[in-house]
2 protein chains.
Amino acid sequence: MGHAHELKKPVKNQKRVTISRIAELAGVSKATASLVLNGRSDEYRVAEETRERVLAIAREQHYQPSIHARALSSGRSYTLGLVIPDLMNFGFAYTARELETLCREAGLQLLIACTDDNSAQEQMVVDALIQRQVDGLLVASSALSDQLYQKINQSLPVVQLDRHIGESTLPMVISDACQATAQVTQMLARHSPDEIYYFGGQLKLSPSRHRLAGYELGLKRAGITPPDHWIQHKDFQPRSGYDMMAELCNQLGRPPKALFTGSFTLLEGVLRYLQQHQLMEANIYLGSFDDHDLLDCLPLRIDSIAQDCPALAFHAFSLIQQLIAEQTPAQNAQVLAPRIRWRNPASIRLLNEDRS
Amino acid sequence: MGHAHELKKPVKNQKRVTISRIAELAGVSKATASLVLNGRSDEYRVAEETRERVLAIAREQHYQPSIHARALSSGRSYTLGLVIPDLMNFGFAYTARELETLCREAGLQLLIACTDDNSAQEQMVVDALIQRQVDGLLVASSALSDQLYQKINQSLPVVQLDRHIGESTLPMVISDACQATAQVTQMLARHSPDEIYYFGGQLKLSPSRHRLAGYELGLKRAGITPPDHWIQHKDFQPRSGYDMMAELCNQLGRPPKALFTGSFTLLEGVLRYLQQHQLMEANIYLGSFDDHDLLDCLPLRIDSIAQDCPALAFHAFSLIQQLIAEQTPAQNAQVLAPRIRWRNPASIRLLNEDRS
DNA sequence: CTGAAAGCGCTAACAG
DNA sequence: CTGTTAGCGCTTTCAG
């Protein structure tokens, strides 16, 4: 390719067309131009003709207002901050994608920042977002206390997304993990009443707690009291899923008969273990929170719980928009129902029988 | 939850601590404070004692400079724009995640925008990013001509990421799809010399062309001339993979003996078809561009090509940083080697035999 | 070594 | 209906 040395360094001369320039060309004042360009011309009853002239000139000059100047003077930055653990986690990626679309359509820019579920990092990225004067903050926090966010909420709206911190009263949009998990667990109990294991993530995270609660509720409904060793917790890393599975199989000397994994990532680890040990064909009932299209392609038919990420994104977005507009939302906590994807033929058969 | 009506609307009073305030408290002028806070105190030989005082006060007041004010006056926004087709595409999500980390560590904010591979939308998001005065632009464009970007490159650095537009001379960081694809194709040819199909995406996209070229090269090396009907193109949607597979199976009256899919998304569609038609156990050799950990968990052992997303991100980031600093980079086109993940036992056996 | 002052581009009163 | 006038918070000469 060898163009290296011909590379011209960008000439940053192209001086920006400012609103002053537009005003000048249109023969009006900056203020008038500003009004017109912000679509508030009728509110201030600017002459039809003046408006058209300004608009035309702006268009032909390809005028692009400086967000920074605007932010500086108006106090709004037209950005939203999104704080998530990891952009590679399928659910968060999905939600982020949906939010990006919603923001784009509303003329906002989404600023995505990852915390890696590490609270020091979370502090830092939140600081950085505040510094950029985001108009609102959407957070899937891994913090233990909502103190930081309560403080922030004094000056700009904060909405908790997918997770909520302890008993925080901050607005939130989450999935109802409990009911769906209970249903899937009940089904596992029908397949294998004498043995239903559970692998979960950090108990400090609300999703973990709700999923565990769902598991326990499901067993209770099935009239089963789980011995302690059925329940295991680590974090949501695939590695942890693998390790928990390895340990369990070693202990039992065989794979478990039924298992519910609290997340797709954990399930990944479990599947990796099964594959490595030629157990993919084993007779094991699996249920999992989170869903992925590829689960449709596995020989092992796993019943899974799919969060409604588009709805999560939509409601969180609406909520924060309302808060930014200083409206009082109808509800400050929204709990969305996930969808269960029954894949196991035995499950499907039982469901059909129930129906008839 | 019913707190709805108690919801206090955020009181946006907490007046921001500005540099003036810091200067005032420290008993110096704004200019001095600015120098100190930007770490250029020794360059201007500010008194040691003065500096410490300013720094201490800034810290205790939790001073956070306004990015917008800074951007306005300095002309830099400390943001990078990333333009990708879709944040849900595994490779792009991975790259975005890595870039986000690199940016964060460098005190930059990454602005991610998706185009859905639609050029009108691409125009729009690029406009929006320019308007936000990004300091540089990283793009995986689906445009046919680099005209837009050549123009932008006059005023700010543009780096092509993962894809390049036609014969564009703009800087780029891409994967060398050709060699790896050729290798995997050769392997498919050894398994099934008389039938090796290929499914690809839009030919206007450079990755599609390189992957196809790799396939053809692999066959050529194997001494095979592919009949036209072996090669099919649509787009990179899973749906298209499914459709192409459905059509092919219908035509043949059986699944193909060997197939290379040009992307993970296409493979997904293919796998879905196979699963739906109970063909997962069929004797079919699959190779694919792109990789995913879950492929380790499939009974069908697929040889796949994993792009080195962290490296892609790293090099693109370094490159654009250099360009922003108006340095002349050593090379303006970087081609990174992907890694082949051999999973098929037959492939692995052959490779071992070759070695000995 | 430090301070004063002039903008960056835009918005928002407040006068005409 | 339109223009004037202050800033928003920070950087950056240019004089002390």
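First the proteins, then the strands, lettered A, B, ... as listed; each starts at 1.
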Full working for salt bridge (charged side-chain N to carboxylate O under 4.0 Å, His left out) between Arg163(B) and Asp117(B)
CA-CA 12 Å; Arg163(B) 304 172 170 185; Asp117(B) 265 335; 2.9 Å; yes
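- A close approach under 4.0 Å does not occur between any side-chain nitrogen or oxygen of Thr18(B) and OP1 or OP2 of dC8(D).
- Remark: P of dG9(D) and OH of Tyr78(B) are 19 Å apart, rounded to the nearest angstrom.
- Judged by distance alone, with hydrogens and angles left aside, the side-chain atoms of Thr115(A) form no donor-acceptor pair with the main-chain N or O of Gln121(A) at under 3.5 Å.
- Atom pair Arg70(A):CZ and dG7(D):C1' shows a separation of 17 Å (rounding to whole Å applied).
- Atom NZ of Lys30(B) and atom P of dA5(C) are 11 Å apart (whole Å).
- Note on Thr32(A): a side-chain N or O is less than 4.0 Å away from OP1 or OP2 of dG3(D).
- For Ser73(B) and dG9(D), the shortest distance from a side-chain N or O to OP1 or OP2 is not below 4.0 Å.
- Within the 3.5 Å criterion, the main-chain N or O of Val158(B) finds a donor-acceptor partner in the side chain of Asn153(B).
- Nucleotide dA13(C) holds its C1' atom 11 Å from the CG atom of Leu35(A), rounded to whole Å.
- Look at CZ on Arg21(A): it is 17 Å from C1' on dC10(C), rounded to the nearest Å.
- Nearest nucleotide to the side chain of Ser74(A), out of dA12(C), dG3(D), dG3(C): dA12(C).
- Between Ser66(B) and dG9(D), a side-chain N or O to OP1/OP2 separation shorter than 4.0 Å is absent.
- As rounded to whole Å, 10 Å separates atom P of dG9(D) from atom OH of Tyr63(B).
- Summarising the geometry, the separation between CG on Leu72(B) and P on dC10(C) is reported as 9 Å, rounded to the nearest angstrom.
- Using a 4.5 Å heavy-atom cutoff, the side chains of Leu87(A) and Phe92(A) are not in contact.
- Ser34(B) comes within 4.0 angstrom of a nucleotide base, judged by non-hydrogen atoms across all strands.
- One atom, NE2 of His68(B), and another, C1' of dT11(D), lie 16 Å apart when rounded to the nearest Å.
- Both the sub-6.0 Å distance and the 45° axial angle are satisfied by Arg76(A) relative to the ring of Tyr78(A).
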